[in-house]
Amino acid sequence: MPLKVYNSLTRKKEEFIPINSPYVGMYVCGPTVSGESHLGHARPYITFDVLYRYLMHLGYKVRYVRNLTDAGHFEEEGREAEDKISKKAILEKLEPMELVQKYTNLYHWAMNRLNNLPPSIEPTATGHIIEQIEMIKKIIADGYAYEANGSVYFDVEKYNTDFSKKGQPYGILSGRILEDQLDSTRELDNQGEKRDPSDFALWKNAPPEHIMRWQSPWGEGFPGWHIECSAMSKKYLGDEFDIHGGGMDLQFPHHECEIAQSTVCNHTMPARYWLHNNMITINGKKMGKSYNNVIKLTEMFNGNHPMLAQAYSPLTIRFFILQSHYRGTLDFGNDALQASEKALKRLWEAYEWVSSEMLVVSGELAADKLLDAKVLKLVGEFDEFMNDDLNTAKVLANMFELVSVINAIKDKHIPAASLSASTVSILKQQLKLFVEDIFGLKTEQANDNGKLDGVLQLLIDIRKEAKTRKDFVTSDKIRNELIALGVQLKDEKDGGMSYTIG
RNA sequence: GGUCCUGUGGCCGAGUGGCUAGGCAAAGCUCUGCAAAAGCUUCUACAGCGGUUCGAAUCCGCUCGGGACCUCCA
């Protein structure tokens with residue numbers, strides 16, 4: 001069964017066929033590094049990280065490009081606009097690139113903690129001004145853009161007229177019809193320069209106080225928002241590439257504009273498959289700046305936010321996101337996050353036991369043929385579910401059914417020989433593959449060189465002795481005080497003891 | 001106003017017309033010196049109304065509710 005993905009462009013699930021197999025080009029819209037990433041931002045990066053990992057697992061050689069938007073009208077969130085503050089304030093303020101660096105570092109830190117693999121290329125808008133200018137020049141030359149007072153605008157009307165004939169009207173991705181949206185245009189600066197309200201900027205003239213500015217054929221200015229993705233995807237992935245991803249809220253106008261620009265420039269639709277993740281909501285409403293309901297990732301990690309009952313680890317968040325399908329909305333809530341935290345712990349403990357301690361003691365024949373078949377079925381469906389538009393939720397559901405079996409064997413409720421040797425080894429292998437390599441889950445316990453383990457082992461030994469003497473005062477003291485420190489001891493059936501931290 | 005999406009048990013959340021999704025929470029049992037952990041069992045829901053069908057959470061219609069985009073937005 002081949003991989004199928006839902007293509008927003010065609011509005012259906014389609015088999016994924018790369019243009020130049022085994023090479024796959026994937027472009028995902030990255031963040032604007034003028035502020036901190038919030039919980040909502042985590043979703044696309046985790047979703048496409050899992051897709052990236054899965055494509056590699058399928059044997060594709062993937063070039064994953066995810067940009068950083070570090071140019072444009074740049075102000076730190078919450079600050080007043082540059083032109084409104086005095087010279088002195090400017091001196092005390094960060095340089096624009098200092099700001100970019102600060103938030104880029106923070107973003108990388110968060111991506112790392114969420115265990116997202118770094119993309120193959122992470123280009124910046126400011127590093128590709130020349131490419132953007134070249135592209136704009138070409139669009140002007142072809143007659144689809146015009147200059148006005150040092151700014152350049154894309155002529156949406158003309159594009160729509162000409163390309164509708166070719167079956168590619170403006171609005172093809174979002175399903176919008178240009179004629180339908182003549183009204184309700186936002187009051188923007190310099191709106192009067194546009195020939196039509198739906199035209200969008202390719203290049204903007206920089207007012208004198210604007211710090212980020214570049215020389216261009218149209219005077220000093222800075223690139224429009226949409227052109228950077230077109231220029232950078234073209235440069236690194238070519239005129240036509242396989243996958244373009246991003247949040248659903250970017251479908252219009254951002255991706256629509258990209259399609260228009262790139263199509264004029266390259267005479268082809270830039271990407272074959274357009275994948276969009278849905279939003280994370282909070283009390284049913286989209287989490288976003290404009291709604292004033294964001295929880296930053298740093299706040300998620302440290303629990304320092306009025307809406308948070310506690311801190312949630314990066315991997316709890318990753319797991320939380322993987323438990324739903326990427327195209328549905330996902331509602332934030334402390335109950336839901338706490339459920340994820342516990343579930344992840346249970347999954348991880350079973351997984352750790354399987355990979356490190358479960359022995360392949362059984363023979364080739366399974367003592368319990370039904371159970372053996374069930375395990376093989378559950379494991380075999382991992383790929384099947386992923387191939388069905390990345391249904392990570394279903395894969396996790398299967399994993400939890402396996403967890404029950406694993407724990408039953410671990411606790412000797414059912415004999416280890418219930419499963420055949422080959423089934424056990426397939427189980428080990430597939431869990432490793434999906435839990436760690438594809439889903440990117442991992443342990444959060446810090447590596448302490450085994451010193452802590454030695455100390456705990458000592459306490460466990462003392463407790464065992466106490467228990468043998470029936471000195472429950474001592475044994476309970478050790479157990480209770482360790483719990484207070486966040487270390488939980490577990491007495492196992494065979495008289496052994498183990499512990500978990502956290 | 002336009003274009004769409006959506007409404008699943010206490011919470012989150014899968015779900016291709018007929019078969020227990022799963023997780024968390026809750027209750028009981030087993031195990032345990034007592035716990036914890038784990039296992040087993042229970043709780044079996046699909047907004048409402050109508051229609052199609054042998055059969056609908058799943059298809060169609062209407063009603064009510066929620067949301068997204070149309071503007072920076074993951």
Side-chain angles (χ1 to χ4, degrees), chain A residues 11 13 28-32 34 37-48 72-73 77 171 174-177 179-188 197-198 225 245-254 256 276-281 283-291 294 319-320 323-325 327-347 349-350 353 385 388 391-401 403-414 467 470-472 475-476 479-480 483 488-493 498-500:
Chain A
R11 292 173 189 79
K13 280 185 203 171
V28 173
C29 292
T32 301
S34 63
S37 298
H38 58 72
L39 179 61
H41 293 115
R43 174 109 101 147
Y45 307 134
I46 290 171
T47 300
F48 293 107
H73 189 73
E77 285 164 18
S174 55
R176 267 161 231 291
I177 296 163
E179 289 75 30
D180 288 350
Q181 29 184 336
L182 298 174
D183 50 359
S184 77
T185 320
R186 191 192 181 197
E187 289 297 318
L188 278 170
S198 48
W225 176 41
M248 250 175 201
D249 50 355
L250 296 183
Q251 219 173 344
F252 190 93
H254 185 54
E256 204 69 74
H276 293 98
N277 63 277
N278 214 319
M279 302 292 105
I280 287 187
T281 58
N283 295 323
K285 278 215 166 45
K286 173 185 170 182
M287 183 178 283
K289 272 197 291 215
S290 19
Y291 297 96
V294 303
F319 181 89
F320 172 65
Q323 258 190 317
S324 68
H325 186 89
R327 280 192 294 112
T329 55
L330 171 60
D331 203 39
F332 163 87
N334 282 292
D335 290 347
L337 263 304
Q338 282 162 358
S340 291
E341 183 179 81
K342 290 196 178 180
L344 173 59
K345 191 173 175 224
R346 195 160 100 96
L347 174 65
E349 282 175 18
W353 185 81
F385 293 156
D388 185 16
N391 201 326
T392 53
K394 276 187 138 185
V395 173
L396 283 175
N398 272 23
M399 284 182 187
F400 278 101
E401 293 203 44
V403 165
S404 291
V405 177
I406 291 163
N407 283 335
I409 293 174
K410 180 183 171 188
D411 285 0
K412 302 183 173 60
H413 290 130
I414 59 173
K467 276 186 70 172
K470 300 220 186 290
D471 175 6
F472 297 122
S475 75
D476 285 355
R479 187 177 66 196
N480 295 340
I483 278 184
Q488 184 170 75
L489 294 187
K490 294 176 198 167
D491 294 353
E492 303 195 345
K493 247 191 154 180
S498 64
Y499 66 91
T500 52

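A note on names: the letters A, B, ... follow the listed sequences, proteins ahead of strands, and every chain is numbered from 1.
- Nucleic acid contact class of A:M287 (heavy atoms, under 4.0 Å, all strands): base.
- Between A:F252 atom CZ and B:U71 atom P the separation is 6 Å, expressed in whole Å.
- With the nearest nucleotide of RNA chain B identified for both A:F472 and A:C29, A:F472 has the one nearer the 5' end.
- To the nearest 0.5 angstrom, A:H276 atom NE2 is 9.5 Å from A:S174 atom OG.
- B:G1 and B:A56 are spaced 35 Å apart, taking the P atom of each and rounding to whole Å.
- By the ring-ring contact (aromatic ring centres under 6.0 Å, His included) test, A:H38 pairs with A:H41, sequence neighbours left out.
- Listed nucleotides B:C34, B:C12, B:C70 differ in distance to A:F320; the shortest reach to its side chain belongs to B:C12.
- A:D331 comes within contact range of the sugar-phosphate backbone alone, with a heavy-atom separation under 4.0 Å but no base atom that close.
- Taking 4.0 angstrom as the limit, A:N391 places a side-chain polar atom (N or O) nearer than this to OP1 or OP2 of B:G15.
- The separation of B:U52 from B:G7, taken at their C1' atoms, amounts to 22 Å, rounded to a whole angstrom.
- The distance from the CE atom of A:M399 to the CG atom of A:L347 is 6.5 Å, given to the nearest 0.5 Å.
- When each of A:L344 and A:F332 is assigned the nucleotide of RNA chain B bearing its nearest heavy atom, the one mapping closer to the 5' terminus is A:F332.
- Here the side chain of A:R43 is nearest to one of B:A74, B:A14, B:G33, namely B:A74.
- For the pair A:F385 CZ and B:U16 C1', the interatomic distance rounds to 11 Å; values are reported in whole Å.
- Where pairing requires Watson-Crick or G-U contacts shorter than 3.5 Å, the helical stems of RNA chain B with at least three consecutive pairs are B:1-7 with B:64-70, B:10-12 with B:22-24, B:26-30 with B:38-42, B:47-51 with B:59-63.
- In this structure, A:L330 reaches the sugar-phosphate backbone alone: every heavy-atom distance under 4.0 Å involves primed, P, OP1 or OP2 atoms, never a base.
- Protein atom CZ of A:R479 is 11 Å distant from nucleotide atom P of B:G33, rounded to whole Å.
- For A:S324, the side-chain hydrogen bond (donor to acceptor under 3.5 Å, both in side chains) partners are A:R43, not counting sequence neighbours.
- Legend: residues meeting side-chain contact (heavy atoms from CB on, under 4.5 Å) with A:K13, ordered by chain and number and at least two apart, are A:Y6, A:R327, A:D388, A:D389.
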Listed pairs, N/O of protein and of nucleotides 2-9 of chain B, under 3.5 Å:
from	atom 1	to	atom 2	distance (Å)
B:G2	N2	A:R176	NH1	3.4

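- Between B:G17 and B:G55, the distance separating the two C1' atoms is 8 Å to the nearest Å.
- Note that the OG1 atom of A:T281 and the OH atom of A:Y291 stand 11.5 Å from one another [nearest 0.5 Å].
- For the pair A:L396 CG and B:A21 C1', the interatomic distance rounds to 12 Å; values are reported in whole Å.
- One N or O donor and one acceptor, one from the side chain of A:D476 and one from the base of B:G33, sit under 3.5 Å apart.
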Original post:
With the sugar-phosphate defined as primed atoms, P, OP1 and OP2, and the base as all remaining atoms, what B/S/- string results for nucleotides 37-42 of chain B, 5' to 3', for protein heavy atoms under 4.0 Å?
Top reply: SBS---
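- For the P atoms, the distance from B:C59 to B:A35 is 49 Å, rounded to whole Å.
- Here the P atom of nucleotide B:A74 and the CD1 atom of A:I280 are 13 Å apart, to the nearest Å.
- Among the atoms of the strands shown, base atoms are found under 4.0 Å from some heavy atom of A:S290.
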Would you tabulate the nitrogen or oxygen pairs shorter than 3.5 Å linking the protein to nucleotides 65-67 of chain B?
from	atom 1	to	atom 2	distance (Å)
B:G67	OP1	A:K285	NZ	2.6

So which protein nitrogen or oxygen atoms get under 3.5 Å of nucleotides 25-27 of chain B's nitrogens or oxygens?
from	atom 1	to	atom 2	distance (Å)
B:A25	OP1	A:K342	NZ	2.8

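- Of the C1' atoms belonging to B:A37 and B:U44, the separation is 27 Å, rounded to the nearest Å.
- Counting to the nearest Å, the P atom of B:C24 and the CD atom of A:Q338 are 13 Å from each other.
- Taking the side chain of A:F400 as heavy atoms from C-beta on, and the options B:G23, B:C34, B:A74, the nearest nucleotide is B:G23.
- Between A:P44 and A:G40, the closest heavy-atom pair is CD-O, 3.3 Å.
- Atom CD in A:E256 sits roughly 17 Å away from atom C1' in B:C72 (whole-Å rounding).
- Of all non-hydrogen atoms in A:G328 and A:N278, the two that sit nearest each other are O-CB, 3.2 Å.
- Looking at heavy-atom distances under 4.0 Å, A:A343 makes contact with sugar-phosphate atoms alone, never a base.
- Atom C1' of B:A38 sits at a distance of 26 Å from the matching atom of B:A14, rounded to the whole Å.
- Pairing each heavy atom of A:A350 with each of A:N407, the nearest pair is CB-OD1, 4.0 Å.
- Counting non-hydrogen atoms under 4.0 angstrom, A:G246 reaches the backbone sugars and phosphates but no base.
- Here the OG1 atom belonging to A:T392 is positioned 9.0 Å from the CD atom belonging to A:Q323, to the nearest 0.5 angstrom.
- We find the CE-CE distance between A:M287 and A:M279 to be 11.5 Å, quoted to the nearest 0.5 Å.
- Residue A:H38 is classed as a base contact, given a heavy-atom separation below 4.0 Å to a base.
- The salt bridge (Lys or Arg N to Asp or Glu O under 4.0 Å) check on A:D335 picks up nothing, with sequence neighbours excluded.
- The side-chain hydrogen bond (donor to acceptor under 3.5 Å, both in side chains) search around A:N391 returns none, not counting sequence neighbours.
- One finds the CD1 atom of A:I414 at 10.0 Å from the CD1 atom of A:I406 (value rounded to the nearest 0.5 Å).
- Distance noted for atom C1' between B:G10 and B:C43: 11 Å (whole Å).
- When all heavy atoms of A:F332 and A:F320 are compared, the closest pair comes out as CA-CZ, 4.2 Å.
- Evaluation of the salt bridge (Lys or Arg N to Asp or Glu O under 4.0 Å) rule for A:K490 yields A:E349 as partners, not counting sequence neighbours.
- In this view, A:R346 satisfies the side-chain hydrogen bond (donor to acceptor under 3.5 Å, both in side chains) rule with no residue, not counting sequence neighbours.
- Per the geometry, NZ belonging to A:K394 stands 12 Å off P belonging to B:A21, to the nearest Å.
- Side-chain N or O atoms of A:E256 include one that pairs as donor or acceptor with a backbone N or O of A:G171 at under 3.5 Å.
- In this structure, A:W353 and A:I409 have side chains that are in contact, with non-hydrogen atoms separated by less than 4.5 Å.
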